[in-house]
Amino acid sequence: MEELPLIRIKNVSRNYHFGIVNIRAVTEVTLDIMKKDFLVIAGPSGSGKTTLLNIIGLLDKQSSGEIWLDGENVTHRNLHSLHGHRRDEIGYIFQTFNLIPVLSVYENVEYPLILKKVPRNERRDLVELTLAKVGLGHRKRHRPNELSGGERQRVSIARAVVKSPRIVLADEPTANLDSNTGGEVLELMAELNRTQGVTFVFSSHDPAVIERSSRLVRLKDGTIVP
């Protein structure tokens, strides 16, 4: 039997309206995301990368086109009704980290498990294991403002993968890091892809990220180009 895509988007467009002005950020994009992909959506600023990533991640609603999750057509479901999919099946990594400043490293990584109502003992084991994987077990009591940029991005990765999502979306994950630190973070994600089978989809214009991709999709003016 042919393997179904984790996520399929078909002829998807996204328009934004500002008064009488209509801006089309994404135009007629069709894309399948398969299990264990290490896929990069590449393009210059303004090409529609983040918009497309947000549609794939169910953070934004397409203006037209179809969305399929594991073979289920969810095109006409609103974003609120897809909350369970976002909570349980999709992890997010942001270029600005988006950590909760008043929580420790441990508590930031634990938070998605609390939302899933995972029992306390199981949460503890999962958080400890995940922090060890990203090399931050010794920093678990620190708060985000006590960490370097690379360490904060490692916390973001741990938070994204601790709940064992089907797919992790990373929006410009190396943009705020120097090249050495960015390389270390990228290698960590590649290792999780290789050893744990975590599916990653990136938006990036970083050549180092593009070079590591197993699949590359290039966007220009909201459209896939060769």
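Both backbone and side-chain heavy atoms feed into the values below; hydrogens, waters and symmetry mates do not. The residues of the chain are indexed from 1 along the displayed sequence.
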Asks: Begin from the C-alpha positions of Glu172 and Lys49 and carry the test salt bridge (Lys or Arg N to Asp or Glu O under 4.0 Å) through to its verdict.
Replies: CA-CA 9 Å; Glu172 300 279 8; Lys49 301 188 303 297; 3.7 Å; yes
Asks: Among Asn98, Asn54, Thr96, Thr50, whose side-chain hydrogen bond (donor to acceptor under 3.5 Å, both in side chains) with Asp171 holds?
Replies: Thr50
Asks: From His85 NE2 over to Arg77 CZ, what is the distance, rounded to the nearest 0.5 angstrom?
Replies: 4.5 Å
Asks: Above 12 or not: heavy atoms from other molecules or residues under 6.0 Å from OH of Tyr111?
Replies: no
Asks: Can you tell me if Lys116 has over 12 outside heavy atoms packed within less than 6.0 Å of its NZ?
Replies: yes
Asks: Without hydrogens or angle criteria, can the side chains of Thr199 and Asp37 be said to hold a donor-acceptor pair below 3.5 Å?
Replies: no
Asks: Would you please say whether a donor-acceptor pair under 3.5 Å links the side chains of Thr75 and Asn73?
Replies: yes
Asks: Is a side-chain donor or acceptor of Asn193 paired with a backbone partner of Lys36 at a separation under 3.5 angstrom?
Replies: yes
Asks: So does Arg86 have more than 12 non-hydrogen atoms from other groups sitting under 6.0 Å from CZ?
Replies: yes
Asks: Are the side chains of Pro144 and Asn108 in touch, meaning some heavy atoms are under 4.5 Å apart?
Replies: yes
Asks: Give a yes or no on whether Lys61 atom NZ has more than 12 heavy-atom contacts from other residues, nucleotides or ligands under 6.0 Å away.
Replies: yes
Asks: Is there a chain of hydrophobic side chains (I, L, V, M, F, W, Y, each step under 4.5 Å between heavy atoms) that links Val209 to Leu188?
Replies: yes
Asks: Looking at Glu3, I want to see if its CD is surrounded by more than 12 non-hydrogen atoms of other residues, nucleotides or ligands under 6.0 Å.
Replies: yes
Asks: Hey, is NE2 on His205 packed in by over 12 heavy atoms from elsewhere, all under 6.0 Å?
Replies: no
Asks: Kindly check if the number of other-residue, nucleotide or ligand heavy atoms within 6.0 Å of NE2 (His76) is above 12?
Replies: no
Asks: Pick one: which of Glu110, Glu128, Glu107, Glu151 meets salt bridge (Lys or Arg N to Asp or Glu O under 4.0 Å) with Lys140?
Replies: Glu128
Asks: Is there a path of hydrophobic side-chain contacts, each under 4.5 Å between heavy atoms of I/L/V/M/F/W/Y residues, joining Leu53 to Val198?
Replies: no
Asks: For the pair Glu146 and Arg139, evaluate salt bridge (Lys or Arg N to Asp or Glu O under 4.0 Å) and give the outcome as yes or no after the intermediate values.
Replies: CA-CA 9 Å; Glu146 299 173 309; Arg139 303 285 269 169; over 6 Å; no
Asks: Any side-chain donor paired with an acceptor under 3.5 Å for Asp221 and Thr223?
Replies: no
Asks: Any luck finding a side-chain donor-acceptor pair between Gln153 and Ser156 under 3.5 Å?
Replies: yes
Asks: Indicate the atoms forming the closest heavy-atom contact of Lys220 with Val225, along with that distance.
Replies: CB-CG1, 3.9 Å
Asks: What residue among Ile90, Leu69, Asp70 forms side-chain contact (heavy atoms from CB on, under 4.5 Å) with Arg166?
Replies: Asp70
Asks: Mark yes when over 12 heavy atoms from residues, nucleotides or ligands other than Arg8 sit less than 6.0 Å from its CZ; otherwise mark no.
Replies: no
